[in-house]
Amino acid sequence: MSDHPERSFFERPVTAVAPDMLGMVLACGDRAGRIVEVEAYGGADDPASHGHRGRTPRNEVMFGPPGHLYVYFSYGMHWCANVVCEPDGRCGAVLVRALAPLQGIEDMWADRPKARRQRDLCSGPAKLTAALGIAGDHNGVDLIDPTSPVSLRQGDVAPAGHATSARIGISAATDRPWRWYTPGDPNVSRPPR
DNA sequence: AAATTGATTCAT
DNA sequence: TGAATCAATTTT
């Protein structure tokens, strides 16, 4: 189990792919982390999704082939990374919300000067992009191609289990338990304030 | 509780 | 052309 997933792995509903992404490894250059928290975002039927009002230049990648990276700029200062799911033409992506740092941790510290403890490095969607060096120029890259600057692979150990909750930081469709995380992992971002 | 920060989108 | 929104983080 250290291979890259088949594209068909992502060619499924976002709510099916999301829990399966816990334990996978997201890598950028020499830096990598194990996914411990994700959220699913759909298409026209999901009012919290960037794609719910149709295709635009920003969300274009969400409608494209699965297994690609959708990176968007948030709150005027942060980058967030999503894995595109669903068949080509359908809108959907899984937001990566937190990682357990695995490799390149010294480089992560350099790009996360505010972090005090190791669990501060990647415990949030914008923290982990800063820690890994993911930004807008990575939008649309193929995560399955191991030669891509950003790639996704299966982890060495399967997580013991997972828990769900409502998604964080949204105001619509808050009744959907579309957030999945590894219980007890110190790198999971904090619950809503 | 509030500042920070700017692209995106929808409404005039 | 303008205003509201925003899958957030940090400090007060």
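Since the structure is predicted, the reported quantities are computational estimates derived from the model, not experimental observations. Quick note on labels: first sequence line is chain A, next is B, and so on, each numbered from 1. When reading the values below, keep in mind they use all heavy atoms of this one structure, side chains included, and skip hydrogens, waters and symmetry mates.
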For B:dT5, is there a stacking contact with A:Tyr75, counting only centres under 5.5 Å and planes under 30°? no

Tell me what A:Ile170 touches on the nucleic acid: a base, only sugar-phosphate, or nothing, going by heavy atoms under 4.0 Å.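 It contacts sugar-phosphate atoms only.
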
Starting at atom [atom1] of [X], determine the distance to atom [atom2] of [N], rounded to an integer number of angstrom.
{"X": "A:Lys114", "N": "C:dT9", "atom1": "NZ", "atom2": "P", "answer": "12 Å"}
{"X": "A:Arg179", "N": "C:dA8", "atom1": "CZ", "atom2": "P", "answer": "11 Å"}
{"X": "A:Arg119", "N": "C:dT9", "atom1": "CZ", "atom2": "P", "answer": "16 Å"}
{"X": "A:Asp120", "N": "C:dT9", "atom1": "CG", "atom2": "C1'", "answer": "11 Å"}
{"X": "A:His78", "N": "B:dT4", "atom1": "NE2", "atom2": "C1'", "answer": "8 Å"}
{"X": "A:Met77", "N": "C:dT11", "atom1": "CE", "atom2": "C1'", "answer": "13 Å"}
{"X": "A:Arg55", "N": "B:dT8", "atom1": "CZ", "atom2": "C1'", "answer": "17 Å"}
{"X": "A:Tyr41", "N": "C:dA7", "atom1": "OH", "atom2": "C1'", "answer": "4 Å"}

Under 3.5 Å on both distances, the Watson-Crick or G-U partner of C:dG2: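 Pairing partner, where one exists within any strand: B:dC10.
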
Residue matched to B:dA2 through Watson-Crick or wobble contacts both under 3.5 angstrom: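 C:dT10 - that is the nucleotide pairing with B:dA2, both distances being under 3.5 Å.
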
Give a yes or no on whether A:Asp30 atom CG has more than 12 heavy-atom contacts from other residues, nucleotides or ligands under 6.0 Å away. no

Phosphate contact ([N] OP1 or OP2) by [X] side-chain N/O below 4.0 Å:
{"X": "A:Arg58", "N": "C:dC6", "value": "no"}
{"X": "A:His50", "N": "C:dA7", "value": "yes"}
{"X": "A:Thr56", "N": "B:dT9", "value": "yes"}

Which nucleotide in the list [options] gets nearest to the side chain of [X]?
{"X": "A:Tyr72", "options": "C:dA7, B:dT5, C:dT9", "value": "C:dA7"}
{"X": "A:Arg112", "options": "C:dT10, C:dA7, B:dA7", "value": "C:dT10"}
{"X": "A:Phe73", "options": "C:dT9, C:dC6, B:dA7", "value": "B:dA7"}

A:Glu37/A:Arg179 salt bridge by N-O under 4.0 Å criterion: yes

Salt bridge A:Asp156-A:Arg34, side-chain N to carboxylate O under 4.0 Å: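 Looking at A:Arg34 together with A:Asp156, the answer is no, because their closest N to O distance does not fall below 4.0 Å.
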
With ring centroids as reference points, do A:His162 and A:Tyr181 lie under 6.0 angstrom apart? no

Check for me whether the distance between the ring centres of A:Phe73 and A:Trp79 falls short of 6.0 Å.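 So the answer is yes for these two rings.
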
Is C:dA7 syn or is it anti, if syn means the base angle is within 90 degrees of 0? syn

